Amino acid sequence: MNTNNPSSLCTDAINVLKQNDRGSYTIPASGLYPHQWLWDSCFIAIGMRHYDIKRAQAEILHLLTGQWHNGMIPHVIFADKKNFSPDHNIWRSWLSPDAPNRVATSGITQPPMIAEAVVKIGKKLPIHERRSWYKTVFNPLLRYHQWLYDERDPHNEGLTLQIHPWETGLDNTPPWMHELHQHLLPWWIRGLKSSRLLWIGELLRRDTKYVPATQRLETVDALAFFSIQRRLRRKIYNTDQILPRADFTIEDLVFNSIFIRANEHLAAISKTINQPLPKDFIERTNKTREALNSLWEPYSGQYYSRNFVTHELIKIPSIATLLPLYSGSIPKEQASKLVHLMNDSHFFGSKFPVPTVPLNSPWFKQHTYWQGPVWINTNWLIIDGLIRYGFTDEAKLIKNKSIELMQNSGFSEYFSPLDGSAAGANNFSWSAALAIDMLS
Ligand code: GLC
C-alpha cells in the first residue's frame with residue numbers, strides 16, 4: 001500500500017477491521033492471532049467508535065463475557081473450540097473454580113485499557129445514552145480494578161504486580177527478558193539447548209509459520225514463556241498459590257501507568273452515573289499514583305519497572321520509561337526530562353519515532369518484536385501523554401510519522417524505527433484502528 005490520501009487510508013483501515021471482524025469481537029490478525037485479546041480490543045473499539053459506535057460497544061461487551069468470578073478480565077478469550085482446541089488445552093483454565101462457565105479464556109490479564117475505551121466511546125454518545133452505557137459496564141469494571149488491587153497488590157504498596165511477560169503486552173521487552181535470563185531455565189529447556197535440539201521447540205511454534213523467526217522471540221525464550229505459563233496452570237491461576245514461590249514477579253511500569261489512568265476514567269464514569277466508588281478503593285488509587293514516582297531513578301533520569309521480590313529497580317532502558325506520561329501523574333519536571341530523551345538521537349529520537357528500545361541499547365534490533373520496532377499503540381499512548389503535559393509539537397510529530405509509516409508500509413504489526421519498513425503480521429487490527437483515531 002502507498003496512499004497519501006488520508007481519507008483513503010481511513011477507508012483501507014476500516015476494511016482491515018471488517019476483514020478481522022468475527023461478529024462481536026475482532027481478531028488482531030488472521031492466522032497469527034485467531035482469538036480476542038484484551039488490550040487489542042480496547043484499541044480496536046477506540047478506532048471503531050468513529051464509524052460504528054454500536055459495534056465498538058459490542059467489542060467491549062464481548063470482552064466482559066470473559067470476566068472471571070473473582071473479577072479478573074483475561075488477556076485472551078478463545079474463539080470456538082472446534083478450530084483452535086490446542087490453544088484452549090494449553091491454558092486449561094476450566095480447572096479454576098473462578099473461570100467463567102461458558103467461555104474459554106486464558107488465566108492471566110493484560111494492561112487494563114478497558115476504562116479508556118469505555119470513556120472514549122461514551123464521549124461520542126448523547127448524555128442519556130452515555131449514562132446507560134456507563135451503567136452497563138460500571139460494575140464489571142470496578143470488580144476488575146478491585147481484583148487487581150486485592151490479588152496483585154498483596155502488601156498494599158500501591159503498585160500491582162504482573163506474573164507473566166504476556167501480562168504487560170510487551171512480551172519480550174528487555175527489562176523482563178533480563179529478569180528471565182537471571183533465572184535458571186527448567187531442566188528440559190536446558191537439555192534441549194545443550195543437545196542442540198531447540199529445533200524441536202521450533203516445530204511446535206505457530207507464530208514463526210506466519211512471521212520470519214528473526215522478527216519474533218528466540219525459541220529458547222518462547223519455551224521459557226511456555227514453562228512459566230505451565231507453572232501458573234499447575235497453580236490453577238490462584239494468586240495465593242502462585243505468589244509464595246514466584247521469583248518472577250514484576251511491578252511493571254507500563255501496566256501500572258495504564259492502571260492509574262484507568263482508575264481516573266473509572267472515577268469519571270462513577271461521577272457521571274452518580275454511583276460513588278468505595279472509599280478504600282479511592283485511597284488505594286491515590287496510593288498508586290504516589291507509588292509510581294518511586295520508580296523514578298534520578299541518576300539516569302528514567303523510570304523503571306521493579307522486581308516485586310527484591311524491590312530493586314530493573315535498570316534496563318525501554319519505551320516503558322515514557323509511559324508515565326500517559327498516567328498523567330508525574331511532575332512536569334520529570335515529563336520534560338522524558339521529552340528530552342525522546343528528542344535525543346542516540347536514545348528515542350529515531351527517524352521514525354518511538355522505538356520500543358533506545359537506539360543505543362545493546363538490546364536494540366530494528367525488526368524484532370518489542371526489542372526496537374515502533375508499535376502504533378505505544379505511540380498512541382505517548383501522544384496522549386504528551387498532549388496532557390502540553391508538548392503538542394512533539395505529539396504532532398509522532399502522530400504524523402505514525403501515519404506516514406502506515407501510508408508507506410501498510411497496517412503492519414510493527415515497523416523499523418530506522419527506515420520505516422514493515423515487520424510482524426500484516427493487516428494488524430490495532431494499527432488500523434488507531435490510524436482511524438489519529439486521522440479523526
Ligand atoms: C502479541 C503482543 C500483545 C498483543 C497480542 C495480540 O502477543 O505482544 O501485546 O496483545 O500479540 O495482538
Side-chain angles (χ1 to χ4, degrees), residues 16-17 19-22 25-47 59-60 62-63 66 73-79 84 87 90-91 105-114 116-117 162 164-177 180 205-213 215-218 221-222 224-226 228-229 252-255 257-258 318-320 323 326 356-357 365 367-381 411-415 422-434:
V16 166
L17 292 182
Q19 267 168 38
N20 292 342
D21 192 340
R22 295 294 176 270
Y25 68 93
T26 309
I27 58 165
S30 77
L32 185 58
Y33 304 117
H35 310 288
Q36 180 177 31
W37 265 260
L38 193 164
W39 76 334
D40 295 66
S41 275
C42 298
F43 293 120
I44 290 165
I46 287 170
E59 190 76 23
I60 299 302
H62 195 269
L63 261 187
I73 309 229
H75 96 299
V76 181
I77 297 174
F78 294 114
F84 303 104
D87 296 353
I90 286 174
W91 284 93
T105 77
S106 68
I108 57 172
T109 191
Q110 233 186 1
M113 282 297 299
I114 308 177
E116 173 79 84
Q162 285 65 54
H164 195 294
W166 288 330
E167 288 204 314
T168 71
L170 271 57
D171 308 15
N172 66 340
T173 186
W176 277 79
M177 298 315 288
L180 182 74
R205 293 181 68 174
R206 194 177 64 209
D207 58 343
T208 47
K209 296 192 176 60
Y210 296 96
V211 174
Q215 298 180 10
R216 300 287 295 184
L217 284 172
E218 305 256 343
D221 293 334
F225 277 27
F226 174 58
I228 306 169
Q229 191 242 315
D252 184 74
L253 192 49
V254 175
F255 195 108
S257 298
I258 291 176
S318 75
I319 196 168
L323 269 293
Y326 172 74
T356 38
V357 168
K365 294 190 205 99
H367 288 128
T368 307
Y369 217 29
W370 292 98
Q371 298 191 347
V374 179
W375 286 71
I376 301 299
N377 69 330
T378 40
N379 274 7
W380 187 91
L381 293 165
F411 302 107
S412 293
E413 191 179 4
Y414 40 94
F415 305 84
N426 294 324
N427 293 334
F428 190 65
S429 292
W430 83 40
S431 300
L434 297 178

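Values reported hereafter were calculated over all heavy atoms of this structure, with side chains retained and with hydrogens, waters and symmetry mates removed. Small disclaimer: the values here were computed from a predicted structure and weren't measured. Both counts, for ligands and for their atoms, begin at 1 and track the order of listing.
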Could you pull out every protein residue that has a heavy atom closer than 4.0 Å to ligand 1, ordered by chain and then number? P28, Y33, W37, W39, D40, Q110, G169, D171, Y369, W370, F428, W430

Angle between ring planes, W380 versus F43, binned at 30° and 60°: parallel, tilted or perpendicular? perpendicular

Without hydrogens or angle criteria, can the side chains of S429 and N20 be said to hold a donor-acceptor pair below 3.5 Å? yes

Check the angle between the aromatic planes of W375 and W430 and answer parallel, tilted or perpendicular using the 30° and 60° thresholds. tilted

Partners meeting salt bridge (charged side-chain N to carboxylate O under 4.0 Å, His left out) with R22 (sequence neighbours left out): none

Ignoring hydrogens and geometry, is there a side-chain-to-backbone donor-acceptor pair from H367 to F415 under 3.5 Å? no

Classify the angle between the aromatic ring planes of Y33 and W37 as parallel (below 30°), tilted (30 to 60°) or perpendicular (above 60°). perpendicular

